[in-house]
Amino acid sequence: MSKYWKPGSERPRTVLVDDEEGGVLFLSSPPSSSGFGHSSLERQRQRLPVYKYRTAILYLVENHATTIIVGETGSGKTTQIPQYLKEAGWAEGGRVIACTQPRRLAVQSVASRVAEEMGVKLGEEVGYTIRFEDQTKPNVTKIKFLTDGVLLREMMDDPLLIKYSVIMVDEAHERSLSTDMLLGLLKKVQRRRPQLRIIISSATIDAKSMSTFFHIRRRNIGQAAEDPTPSELPAILSVEGKGYNVEIHYVEEPVSDYLQAAVNTVLSIHDKEPPGDILVFLTGQDDINAAVQLLTEDAQNNGLLVLPLFSGLSRADQDLIFSPTPKGKRKVVISTNIAETSLTLEGIVYVVDSGFSKQRFYNPIPDIENLVVAPISKASARQRAGRAGRVQPGKCFRLYTEEYFVKEMPAEGIPEMQRSSLVSCVIQGNKGESGGLNDLRRNQNTQNELKLKALGIDNILGFDWLASPSPEAMIRALEVLYSLGILDEDAKLTSPTGFQVAEIPLDPMISKMILSADTYGCSEDIITIAAVLSVQSIWISVRGAQKEFDEVKLRFAAAEGDHVTYLNVYKGFIHSGKSSQWCYKNYINYHAMKKVIDIREQLSRLLRRLGIVLKSCERDTQVLRKAIIAGFFAHACCLEEFSPNGMYKTIKSSQEVYIHPSSVLFSELLGI
DNA sequence: GAGCACTGC
């Protein structure tokens, strides 16, 4: 890569260097051929804050194994950096530049934006891969956007990610389960492949801990001499964002009821502030519906258009959020965290931040995950406030005191890795290590096998996590997998069960259920159940029609419980000719059902590859239940005798549990 | 009588 340096030129003196003072030129793309300065797209590209760091970024990537880029939203880093890298020659010689995102939607939209800017057809030179959709062409695609989950999957077949020259992990500050997994494994890949460049892009300043993590000391492994290895010390560069200023307001005294306080704040904004839409962050559906009701009932607010927003809403209801605000009205969107990162609303000028969100916590002792309302972090609070400054200067009203924000609010949230069951991660790690069946078959050569072993997680307890999960959580994960027959006494994948489970992209308990179904002769039915279990919810959440919803649901209800009920819904959907109208009438989420069809299709292809013949048990739900138990026996529980309120206790740890009100068995319990 | 948000060949 050094050929892109102007010979004899002075190297940049500081990290924050730009073209003029650095004296560094990249000659790979002459101004005329790359079209600099002519089209309006090109001018737009140059106006992005990241543009003036172009040279610095290329210099750092050239000379450091890992570069950490701290950039606020709107800096243009996601769309521009992959293009800079390509212009500098990182995609030459059949190599690919990868850029990962935590969400599918982001992958698609960023890829199409970049293809447009480069004037190429999406899916050729610029492509993307998400589950169920591969828009790339081998040997043609040079810049590839993908979800971090997909890259993790790719590592199973290609543990050293040989085809990539640079991997940019975007939105790393979100610290999702798969981002953390990916970063842990990438660190290992880098030890074996020092030429691989990693760019970590994050919105928060906490780059220090990332930097410490990636400061690897390489073992001497005899690198090819003509390629000088880059510095092991990660470089950090920060790029300013493009958002407008947001004025922060705090309450003077702590509020006791954030729901009422949020409602009052909205009313006071409407009363005193100039036009502009309002976004309110609350915690969940209950809160949101209550606030919507309070605001709609209030007689003095005819000028307010109040809309709820959460993921359980039907697509049509979600789309209302994006419709233009009627003249003379002020739109108020009351939302969960979905509006913090996943959805961007234009036209928001005021944000009301309750300071809370619902978060998942995992207790490894009884092996139970809980959803609890908990205080958010400073990073979240800043992200929420930023939502007010996208189109013009805005205001953010925080329903907590400034003292609380400064002194008590944690800087970062707890990474998901430390809040979840690790059952899926252990499998992924093990698979990444051994490379799985495909690699065992393909990589007969000793050198490759050595590389694979070196990469892997021989010992899950000793794996180098970015944020280490609790020992209890790791032990519990190993225990569950051992009891399912997926890991052996040495915590290695068993053959064939363990390897087959690793091949199936679902929760290991579900995968085990599928494999058992083969023995019981009901795989055809079980994969339908597995597909439904892997989507959010197939039911639509309805406001004000709860009774009707329950009645309709009973039409599908099976005495055997929810799993067989899902099977009934699926059959009904197929029978209707996959009709969206049918879904609407039956309070079923059409998009979820389409996803069920996709996942089911994927599973049936996969099982065929694993040599499993699909077979239906027809009406024999007995075998169906046996297969379910084979995967979920760890969750078995027993109804307490004489319990007036239907209390169960888990077999394993005598934990008190109850049937969830959304279950079809719940109404049976009430005798409806 | 209840469902933060994501994701996977």
Side-chain angles (χ1 to χ4, degrees), chain A residues 100-107 129-134 136 146-158 171 174-182 281-289 309-313 335-343 354 356-361 369-374 376 380 383 413 416 419-420 424-425 427-428 431 436 438 502-508 510-511 530-531 534-542 546-547 549-550 589 592 595 598-599 601-610 645-646 658-663 666-667 669-670 672:
Chain A
T100 73
Q101 296 289 322
R103 278 170 293 279
R104 295 159 48 103
L105 200 71
V107 169
T129 308
I130 55 180
R131 193 186 191 183
F132 307 125
E133 216 184 325
D134 184 10
T136 61
L146 65 176
T147 52
D148 33 26
V150 169
L151 191 60
L152 274 176
R153 278 275 144 185
E154 284 189 6
M155 286 183 92
M156 292 192 175
D157 287 326
D158 177 13
E171 313 287 358
E174 287 187 23
R175 301 297 300 275
S176 75
L177 213 54
S178 39
T179 307
D180 266 29
M181 275 292 299
L182 186 61
F281 285 102
L282 294 181
T283 61
Q285 212 166 311
D286 274 353
D287 272 4
I288 290 167
N289 286 336
L309 175 62
F310 45 86
S311 82
L313 230 45
S335 170
T336 60
N337 253 359
I338 193 171
E340 197 179 298
T341 47
S342 310
L343 267 175
S354 66
F356 291 95
S357 72
K358 275 199 186 174
Q359 293 161 32
R360 188 177 55 198
F361 285 94
E369 285 185 335
N370 272 328
L371 214 49
V372 279
V373 173
I376 60 167
S380 273
Q383 176 75 18
E416 204 183 2
R419 297 187 281 115
S420 346
S424 303
C425 300
I427 289 299
Q428 194 107 42
K431 193 69 198 309
N438 289 341
E503 206 81 27
I504 304 173
L506 300 174
D507 183 290
I510 299 180
S511 306
S534 5
V535 303
Q536 207 108 304
S537 169
I538 57 165
W539 311 108
I540 268 178
S541 146
V542 274
Q546 198 59 50
K547 220 177 139 207
F549 170 62
D550 285 343
N589 186 334
K595 209 172 160 193
D598 276 345
I599 296 176
E601 214 15 74
Q602 183 188 3
L603 288 175
S604 82
R605 277 198 308 268
L606 200 68
L607 291 194
R608 229 170 292 146
R609 223 173 63 209
L610 293 174
N645 52 355
Y658 297 87
I659 290 187
H660 197 274
S662 67
S663 167
F666 187 82
S667 44
L669 187 78
L670 293 181
I672 296 172

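Letters go in sequence order (proteins before strands), and every chain restarts at 1. The shown structure was predicted, so the numbers you read here are calculated from the model rather than taken from an experiment.
When distances are taken from the side chain of A/Thr336 to each of B/dC4, B/dC9, B/dC6, the shortest belongs to B/dC4. Side-chain atoms of A/Pro661 lie closest to B/dA2 of the nucleotides B/dT7, B/dC9, B/dA2.
Among the heavy atoms of the strands lying under 4.0 Å from A/Ser311 are primed sugar atoms or P, OP1, OP2 only; no base atom is included. Within 4.0 Å (heavy atoms only), A/Glu416 reaches at least one base atom of the nucleic acid. A/Arg360 comes within 4.0 angstrom of a base, heavy atoms only. As judged by a 4.0 angstrom heavy-atom cut-off over every strand, A/Leu506 is placed among the base-contacting residues. Among the heavy atoms of the strands lying under 4.0 Å from A/Leu371 is at least one base atom, whether or not backbone atoms are also near. Using a 4.0 Å heavy-atom distance criterion, A/Glu340 is classed as making no nucleic acid contact. Heavy atoms of A/Ser342 sit under 4.0 angstrom from primed sugar atoms or phosphate atoms, though from no base atom. Heavy atoms of A/Thr147 sit under 4.0 angstrom from primed sugar atoms or phosphate atoms, though from no base atom. Nucleic acid contact class of A/Arg103 (heavy atoms, under 4.0 Å, all strands): sugar-phosphate only.
Taking atom CG of A/Asn289 as the reference point, atom C1' of B/dA2 lies 12 Å away to the nearest angstrom. With rounding to whole Å, A/Met155 atom CE is found 16 Å from B/dC9 atom C1'. Spacing between atom CG of A/Leu177 and atom C1' of B/dC4 amounts to 15 Å, rounded to whole angstrom units. To the nearest angstrom, P of B/dG3 lies 10 Å from CG of A/Asn370. Distance, A/Phe549 CZ to B/dA2 P: 14 Å, rounded to whole Å. One can place CG of A/Leu105 at 12 Å from P of B/dG8, the figure rounded to the nearest angstrom. Distance CG (A/Leu146) to P (B/dC6): 19 Å, rounded to an integer number of Å. Here the P atom of nucleotide B/dA2 and the CD atom of A/Gln285 are 12 Å apart, to the nearest Å.
Checking each of A/Ile288, A/Asn289, A/Val373 against A/Leu282 for a side-chain contact (heavy atoms from CB on, under 4.5 Å) leaves exactly one that passes, namely A/Ile288.
Under 4.0 angstrom from either OP1 or OP2 of B/dG3 there lies at least one side-chain N or O belonging to A/His660. Contact annotation: A/Thr283 does not reach the phosphate of B/dC4 (side-chain N/O to OP1 or OP2, under 4.0 Å). Between A/Arg419 and B/dC4 there is no side-chain polar atom (N or O) within less than 4.0 angstrom of OP1 or OP2.
Interface remark: the A/Asp550 side chain does form a donor-acceptor pair with the B/dG1 base, using a distance-only criterion of under 3.5 Å.
With sequence neighbours excluded, the residues satisfying salt bridge (Lys or Arg N to Asp or Glu O under 4.0 Å) with A/Asp180 are A/Arg175.
Between A/Glu133 and A/Arg104 there is no salt bridge, since none of the side-chain N atoms of the basic residue sits less than 4.0 Å from a carboxylate O of the acidic one.
For the residue pair A/Glu171 / A/Thr179, no side-chain donor-acceptor distance below 3.5 Å is found, with atom types taken as modelled.
Checking side-chain atoms of A/Thr129 against main-chain N and O of A/Asp134 turns up no donor-acceptor pair under 3.5 Å.
Both A/Gln359 and A/Ser178 sit near DNA chain B, but only A/Gln359 has its closest nucleotide nearer the 5' end. Take the nearest nucleotide of DNA chain B for A/Asp286 and for A/Pro505: the residue whose nucleotide is more 5' is A/Asp286.
Atom CD of A/Gln359 sits about 10.5 Å away from atom OG1 of A/Thr283, to the nearest 0.5 Å.
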